[in-house]
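We count ligands from 1, going down the list as the structure has it; atoms in each ligand are counted the same way.
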Amino acid sequence: MSSCYLCIHCHFYQPSRVNPFTGQTPPEPDAAPYTNWNERVTAECYTPNAEPRPDGSGSNFEHVSFNLGGTLARWLDEHAHETYVRIVAAERGNWKAHSVGNGLAQPVHHTILPLARRRDKICQVRWGIASFEHRFGHPPEGMWLPEMAVDYETLEVLANEGIQFTILSGEQVRGDQGAGSGPYRVPLPNGKEITVFLRDADLSNALSFHMPNPAHVEDWLGEHMGWRCRIGGLQLIATDGETFGHHYRQGVEVLTHILQAGQKHGYELTTLGKYLQKRPPRIDIEIVENTAWSCSHGLSRWVVGCDCTPGDSRWKAALRRALDNLACELDGIYVQEAQRISADPWSLRDDYIAIELGQTDAPTFFTEHDLGHLSSEDAQRLLWLLEAQFYRQRMYASCTFFFDSLDRREPRYAIANSVQAMALTHYATGNDLTHAFRRDLKIAACENTDQTGADILDQILEQAEI
Ligand SMILES: [Zn+2]
């Protein structure tokens, strides 16, 4: 008989690595024998975890809780369609069977939300919810926070948008953690509340960093699960989904085993939404603002640099300042244009995701927003500026600042998206923001080369032939 519940949450995510000018993924030789990293991780992880098991007991995707990053979902849809369809079907199957799905939404560009202004938090969350509904056909109950980065304003935005719960780590909260993985209630400054589940860090790390061999999974479960089980209680493992098959080749087999061994080891599998249906939170806790699961130095990893990455990481602050200054200019131009035609810039931007998702076309979109009267020139100008806002949002993907070096593909990707946003703004209004951006990027220096962010910008401009 089951005495406790186990949920394994997998955070499936790959940053976009497409060239914003061509829409193509450049070859990535370090992903050999595959053409690029998405292909390789798909073959090692996403596809085998989505494949039906030979015994007819479904797929791993049906039995875990998961979030699927927007950039990855789009790539899978286009390049590994069968796997994508299976993942979507696994989530929808849960929804149909239990009136609650096993998928969580995600802010669409994986932005570190506490570092973003409120209106950008709202935009990322609304775009994430719209993307989830577009793929899975129903509203999400939960939302994964990029890097679990949290502050109260972010949680308020989630609650305002109808999100019921998120996942944090034990060190990100204060108060009575007697309910283990929860759920807990977090009262919010705006008078609302949100539910938080806490990942079991020890159990999650035992799997993420010390993956057993398939032959030893029974021993591993005996060692780690039995004593943790409290009658009716929840054990939550939350980790990168790529742990299962990509970080560890044997991970798919181990995950399958853990998902099937509950009866023998006294636990029942569940998903967060399902568990919450029967066990609403009874304990209130507080969060510790400006914390994340992948940096114990506040949010320094994504702002000024910290010991999480080796070497001189001052480039992070310089790049962030350059992006922030550029974002301020882009926003100013966009707001001025929106106000000139009496449109609300931020709600219009929030809704613009429908065009990016292919749900509507520009003429229909403008008609629905009482802008059908615009001249074709004004409509085109507004469309360019909205598109610029999309690329401006993409500049802030968390991976831009995650690693040690400025001279990696992730910061280059951020600068390339900046170039795209500047180009679209230039088409629309004639404003050239390149000079100021280059000046700011000069301060961001690569540690091991003479290059600065300005050199990277010039290389991208040359490639883009803008
Ligand atoms: Zn850190």
Worksheet, complete the sentence: Here the side chain to side chain donor-acceptor pair (under 3.5 Å) pairs for residues 154-163, sequence neighbours left out, are R118-E156, R126-E161, D151-T154, N160-N190, N160-K192
Item to complete: Could you tell me whether the side chains of E51 and N60 share a donor-acceptor contact shorter than 3.5 Å?
Response: no
Worksheet entry | H11 vs W144 side-chain heavy atoms within contact, under 4.5 Å | yes
Worksheet item: Salt bridge or not for R409 and E28, using N-O below 4.0 Å?
Response: yes
Worksheet item: Ignoring water, what protein N, O or S atoms are under 2.8 Å from the Zn ion (ligand 1)?
Response: C295 SG, H297 ND1, C306 SG, C308 SG
Practice prompt. Scan residues 194-220 for pairs that pass ring-ring contact (aromatic ring centres under 6.0 Å, His included), counting only residues two or more places apart or in two chains.
Written response: F165-F197, W220-H224
Fill in: Sequence-distant partners of Y334, ring pair (Phe, Tyr, Trp, His ring centres under 6.0 Å), two or more places apart
W346
